[in-house]
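Just so you know, residue 1 is the first one in the sequence shown, and it goes up from there.
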Amino acid sequence: MKRYDALKRIVDSLSNELVVCNLGSPSRELYSISDRNSNFYMLGSMGLVSSITLGIALAQPKKRVWCIDGDGSLLMNLGSLSTIANNQPNNLMLIVIDNSSYGSTGNQKTYTSGKTNLETIAEGAGFESITVIEKEEDIVPSLKSLGIGCHFVLIKTQPGNAQVENVPLLPEEIKKRFMKSLAEKI
Ligand SMILES: [Mg+2]
């Protein structure tokens, strides 16, 4: 399974959640699979997608918010794990697609290809709900079974990017339509 396959299954698991997606290839791939007004595609600020998701989850407690992060990005902002786990919003799911590489910059290896284990770090940070998924067919049932709570989900994949177009939206458009979707009924 590659990131693109995992994203397809994540999309299959969605109902009306807000989705905040990591920059680069993950956002491009998500856009090509299923664009929604309630998808926020990051175009900068590598590492901060989980922090942005926490802010949205705290500000919008009646909405469920899913974060799609990557191993390389999360490794840049590990402090976010303890911030999320201690605030513990019950409407947040942090999904890390761990392909052990910096996919958007040429698939250089990250340290999750070596000794580093992100689910162990998440546990130490204080997450009480941790799920590790290694098989593509387990993604939909696993994500659908996780209800209210503050969840850390790690999906282990192979490196590699799909050949897809850039997201053809201006940053302002992404922000405006996402904010508009916040006003819609759940
Ligand atoms: Mg990666």
Flag side-chain contact, heavy atom, 4.5 Å: [X] against [Y]:
X      : Y      : value
Val19  : Arg36  : yes
Val20  : Ile56  : yes
His151 : Leu92  : no
Glu128 : Gln88  : yes
Ile139 : Ile10  : yes
Asn16  : Arg64  : yes
Ile133 : Lys156 : no
Leu23  : Val49  : no

How far apart are the closest heavy atoms of [X] and [Y], and which atoms are they?
X      : Y      : value
Tyr41  : Ile174 : N-CG2, 3.7 Å
Ala85  : Ala125 : CB-O, 3.3 Å
Ile84  : Pro89  : O-CD, 3.8 Å
Ile155 : Ala6   : CG2-CB, 4.1 Å
Leu7   : Leu30  : CD1-N, 4.0 Å
Asn86  : Ser82  : ND2-O, 2.7 Å

Is there a side-chain contact (heavy atoms from CB on, under 4.5 Å) between Ser129 and Phe152? Walk through the geometry before answering. CA-CA 6 Å; Ser129 163; Phe152 179 91; over 6 Å; no

With distance as the sole test, does [X] use its side chain to make a donor-acceptor pair with the main-chain N or O of [Y] at under 3.5 Å?
X      : Y      : value
Asp5   : Lys2   : yes
Asp71  : Ser100 : yes
Thr110 : Gly72  : no
Ser27  : Asn22  : yes
Glu29  : Ala162 : yes
Arg3   : Gly103 : no
Glu173 : Leu170 : yes
Glu119 : Asn117 : no
Ser113 : Lys109 : no
Asn87  : Thr83  : yes

Under a single-linkage definition using a 4.5 Å side-chain heavy-atom cutoff for Ile, Leu, Val, Met, Phe, Trp and Tyr, are [X] and [Y] assigned to the same hydrophobic cluster?
X     : Y      : value
Met76 : Leu74  : no
Val96 : Tyr102 : no
Leu18 : Val167 : yes
Met42 : Ile33  : yes
Leu94 : Leu75  : yes

Is it true that atom CD of Glu165 has more than 12 heavy atoms of other residues, nucleotides or ligands lying nearer than 6.0 Å?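 Atom CD in Glu165 is not packed in, count stays at 12 or less.
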
Going by atom types alone, do Arg177 and Ser38 pair a side-chain donor with an acceptor below 3.5 Å?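 No donor-acceptor contact under 3.5 Å links the two side chains.
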
Any side-chain donor paired with an acceptor under 3.5 Å for Asn77 and Ser51?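 Yes, Ser51 and Asn77 have a side-chain donor paired with an acceptor closer than 3.5 Å.
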
Chi angles and distances behind the side-chain contact (heavy atoms from CB on, under 4.5 Å) call for Asp69, Ile95: CA-CA 6 Å; Asp69 206 347; Ile95 303 169; over 6 Å; no

Would Asn166 and Tyr31 count as a side-chain hydrogen bond (donor to acceptor under 3.5 Å, both in side chains) here? Give the steps. CA-CA 9 Å; Asn166 285 332; Tyr31 179 87; over 6 Å; no

Output the distance between atom [atom1] ([X]) and atom [atom2] ([Y]), rounded to the nearest 0.5 Å.
X      : Y     : atom1 : atom2 : answer
Leu182 : Gln60 : CG    : CD    : 4.5 Å
Phe40  : Ile68 : CZ    : CD1   : 13.5 Å
Leu48  : Ser80 : CG    : OG    : 8.0 Å
Lys175 : Leu43 : NZ    : CG    : 13.0 Å
Met46  : Ser73 : CE    : OG    : 4.0 Å

Check against side-chain contact (heavy atoms from CB on, under 4.5 Å), Tyr4 and Val164: CA-CA 10 Å; Tyr4 190 80; Val164 294; 4.3 Å; yes

Run the salt-bridge test on Arg9 and Asp12 with the 4.0 Å N-O cut-off and return the result as yes or no.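 Yes, this pair counts.
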
List the steps and the verdict of side-chain contact (heavy atoms from CB on, under 4.5 Å) for Asn99 and Thr112. CA-CA 8 Å; Asn99 59 8; Thr112 68; over 6 Å; no

